[in-house]
Amino acid sequence: MRPILGFVRKETLHLLRDRQTLAILILLPLVQVLIFGFAVRTDVREIPIVVVDPTPDVATLELRERVAASERFRLVAVAPSTRELDSQFQEGSVRQALVLPRDVERRLGRGDTLAVQLLTDGSDPNTGGIMQGYATAVLRRWHADATPAARGLRIEVATRMRFNPTLESAHLFVPGLVAFVLTIVSALMTAISITREKETGTMEMLLVSPIRPAAIVAGKVTPYIALGFVSVLLVLVAARAVFEVPLQGSLLLLLAESGLYIVTSLALGIVISTRAPTQRTAMLAALAGLLMPTLMLSGFIFPLESLPSPLQALSHIVPARWFLVVVRGIMLKGAGLPTLWQETLILAGMTVLLLIAGSRRLTIRLD
Amino acid sequence: MSQGLAVEARGLQRRFGDTMALDDVSFDVAPGELFGVIGPDGAGKTTLFRILVTLLLPDAGSARVLERDVVRDLWELRRRIGYMPGRFSLYPDLSVAENLGFYAALFDTTVAAARETIAPIWRQLEPFAGRRAGALSGGMKQKLALCCALVHRPEILLLDEPTTGVDAVSRREFWDLLGRLRAKGLPIVVSTPYMDEADLCDRVTLMQRGKLLVTDRPAEIGRRYPRPLLAVRGGSILGLLGILRRFPHAAAVWPFGAALHYTDARAGAAPEGVAAELRAYVASAGLGEVSVEPIAAGIEDAFMWHMAEEAA
């Protein structure tokens with residue numbers, strides 16, 4: 001036991017002495033939560049909108065007020081014609097335009113069809129679609145209220161989004177962030193710290209000692225497991241404090257699943273470190289081989305359903321994909337092990353395979 | 001201390017790609033002996049050490065350390081061997097005491113238990129106990145590395161170029177420490193590229209391109225120099241070098257500092273006679289008066305001679 005404890009002590013000292021890296025590792029979760037929370041929003045607020053209203057009357061005034069009152073929109077201007085629109089869209093000062101026909105009130109009174117044009121800046125298709133949805137909803141409600149009595153049969157569809165009724169993107173990204181941060185802390189840091197020993201030659205001293213490779217690994221990863229848990233808690237606390245992301249399910253289960261994912265990541269880091277001769281190689285391998293898939297192929301940033309099918313197939317071997325299902329399940333849906341056991345089992349299986357692959361490559365000699 | 005040989009290498013071979021790093025290497029190290037492996041960079045010293053400390057496998061041949069096979073008995077040997085690799089292998093961000101403590105823990109022991117073994121070295125290191133290893137001078141780093149190699153009280157010490165890149169004073173202090181350890185009966189195998197360190201060993205072997213050229217006591221290696229050897233001084237060294245090499249009986253002429261070491265090709269010739277011939281030859285070439293005197297060969301002379309012979 002003494003060799004392993006000595007190792008844990010030494011690794012902890014390395015971690016504490018390297019102030020810059022430590023600061024980065026602790027700030028990373030917080031900064032990520034803020035960046036993703038404020039900058040990378042997929043829900044849209046304050047859309048700059050122009051209403052083109054050639055003949056203002058009571059009905060159009062009512063519509064303008066509705067638009068102005070919604071926090072989704074910022075009514076930039078009311079214009080008499082569409083003349084300015086092109087240049088406004090191009091410079092980006094306007095992202096949506098509602099072009100009304102003439103004599104709106106009169107037409108409504110007669111029950112005529114109202115040809116309203118809705119222009120949306122589609123340069124970002126995702127937000128474009130969302131903006132369109134918001135504007136259509138406002139128009140519909142306004143039209144329904146403005147039309148005196150229902151003539152004929154009308155269907156009212158009442159929609160409600162479950163688990164995230166207000167469609168807050170924060171609720172979606174926080175689970176992904178947990179996976180992302182753990183991959184950095186666990187996989188990347190382990191890979192770097194093991195290859196550093198190879199690069200500086202200290203591995204030669206470790207190998208020549210009677211300590212077994214498995215003990216070296218155990219001693220090396222223990223501090224990073226602790227650091228991983230700290231990161232998870234930091235993300236959760238920050239997400240809750242700043243964005244009021246709920247935790248519907250059990251915290252204990254969430255931490256247990258995170259523990260499993262930490263070990264998965266550590267095993268990945270070990271596998272990388274057994275193959276990479278230098279810290280630089282290890283870093284690149286971890287970035288390209290782990291962080292990119294964790295971001296792109298896990299459903300964190302892009303919905304899995306929108307990936308082309310080869311990438312969808314590939315996503316099955318990305319551990320973060322399964323972990324994300326688990327974390328989203330626990331945090332947003334309050335799901336428990338009875339619903340999440342399959343994903344947990346897949347994750348556990350991957351971990352075992354990775355540990356075997358990693359330990360088979362651990363050498364007891366230099367060649 | 002056991003009575004058997006400390007090291008017993010038989011026909012060791014090791015190849016890296018096209019390079020023969022070790023070619024049929026055989027030697028013994030007696031118990032309690034301070035044994036030097038002398039050779040330039042790339043001679044194969046590090047490969048030899050790594051095989052002896054169980055870090056590399058030989059392609060052919062076998063080696064026993066403390067009467068244990070380096071391939072089969074690696075776990076037992078790793079507990080009993082003290083090894084100091086050629087590259088500085090301590091953690092620069094840990095303090096002197098922390099480094100030592102870590103290596104003690106690695107071998108499942110404590111610094112306190114090794115107090116007596118490491119006392120002479122620790123006395124010099126203690127003032128710097130709290131300093132980070134990265135901030136030590138080259139000489140102190142090597143002492144700390146030696147201390148770490150000793151902390152589990154090994155029964156044999158293998159040091160790969162411990163004094164390379166260390167200043168002259170620290171080198172002498174380091175060899176002083178080795179002498180003290182040897183006095184306690186600890187067998188030590190040490191490699192060095194510095195010929196002058198050979199005289200500090202009980203026995204040395206000269207190594208070049210993976211082969212051992214000669215293995216003997218340092219004084220004996222000089223004495224066994226097979227030809228008359230003379231030191232030639234005076235005039236321009238370069239001019240002298242050119243002329244001497246053209247002398248019909250010259251076997252080898254090498255510059256040694258301010259002098260030239262001249263080896264005659266005639267094995268049985270009397271040194272005094274050769275000296276007279278040389279003086280006359282140089283004078284006839286118009287270089288004026290030079291001093292020529294017979295000298296006893298040193299390790300470096302022997303090394304050059306054996307190297308040239310090996311190449312021929």
Side-chain angles (χ1 to χ4, degrees), chain A residues 1-25 189 192-224 227 274 277-279 362-367, chain B residues 14-16 21 46-47 49-59 65 70-71 73-95 97-111 113 132-134 145 148-149 151-152 154 158 160:
Chain A
M1 225 22 218
R2 182 153 44 196
I4 296 183
L5 288 180
F7 227 110
V8 172
R9 192 179 123 78
K10 164 194 156 263
E11 287 302 320
T12 311
L13 285 174
H14 283 323
L15 209 55
L16 295 178
R17 296 275 157 85
D18 192 353
R19 288 281 157 81
Q20 286 177 344
T21 309
L22 188 65
I24 291 172
L25 287 179
M189 291 309 293
I192 288 179
S193 105
I194 293 182
T195 41
R196 184 194 293 144
E197 303 248 8
K198 280 202 228 176
E199 212 174 320
T200 57
T202 43
M203 191 55 102
E204 200 169 337
M205 283 299 275
L206 298 182
L207 278 177
V208 86
S209 78
I211 190 171
R212 305 286 159 135
I216 295 183
V217 170
K220 233 179 192 333
V221 301
T222 310
Y224 291 100
L227 196 61
T274 55
T278 62
Q279 294 180 66
L362 290 172
T363 47
I364 54 169
R365 290 193 175 88
L366 281 175
D367 58 355
Chain B
R14 174 71 204 218
R15 185 183 276 286
F16 292 107
T46 297
T47 305
F49 273 70
R50 284 179 171 168
I51 286 178
L52 292 181
V53 300
T54 75
L55 282 179
L56 284 180
L57 294 172
D59 292 334
V65 173
V70 295
V71 177
D73 306 318
L74 85 159
W75 292 114
E76 185 194 335
L77 273 179
R78 285 181 182 185
R79 269 197 310 278
R80 297 171 63 190
I81 289 178
Y83 171 52
M84 195 174 139
R87 283 170 71 195
F88 177 60
S89 284
L90 298 161
Y91 299 97
D93 53 334
L94 299 191
S95 73
E98 283 161 352
N99 265 292
L100 193 58
F102 170 65
Y103 282 108
L106 208 54
F107 284 87
D108 203 3
T109 177
T110 62
V111 178
R132 303 219 171 152
C148 290
V151 78
H152 61 288
L158 292 121
D160 189 11

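Protein chains get the first letters and strands the later ones, always in sequence-line order, with residue 1 at the start of each. Nothing here was measured: the structure is a model prediction, and the numbers come from that model.
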Closest heavy-atom pair and its distance - A:Ile364, B:Arg78: O-NH2, 2.5 Å

Check: B:Asp160 and A:Glu204 side chains under 4.5 Å, non-hydrogen atoms: no

List the atom of B:Ala105, the atom of A:Gly6, and the distance in Å for their closest heavy-atom pair. CB-CA, 3.9 Å

Looking at B:Glu98, B:Glu76, B:Arg132, which has the largest count of heavy-atom pairs under 4.5 Å with chain A? B:Glu98

For chain A, the option from B:Leu77, B:Leu55, B:Asn99 that forms the most heavy-atom pairs under 4.5 Å: B:Leu55

How long is the gap from CZ on A:Arg365 to OG1 on B:Thr54, to the nearest 0.5 Å? 6.5 Å

Give, as side chain, backbone, both or neither, the part of B:Phe102 having an atom under 4.5 angstrom from any heavy atom of chain A. side chain

Side-chain contact test, heavy atoms from C-beta onward, threshold under 4.5 Å: evaluate it for B:Leu94 versus A:Arg17 and give yes or no. yes

Portion of B:Leu74 that has a non-hydrogen atom of chain A nearer than 4.5 angstrom: side chain

Ordered numerically, the heavy-atom neighbours of chain B under 4.5 Å found in residues 211-220 of chain A are A:Ile211, A:Arg212, A:Pro213

Is A:Ile4 in contact with chain B via its backbone, its side chain, both, or neither, using a 4.5 Å heavy-atom distance? neither

Ignoring hydrogens and angles, tell me if any N or O in the side chain of A:Ser209 forms a donor-acceptor pair with the backbone of B:Phe107 under 3.5 Å. no

For chain B, which residues from residues 8-16 of chain A have at least one heavy atom closer than 4.5 Å to it? A:Arg9, A:Lys10, A:Leu13, A:His14

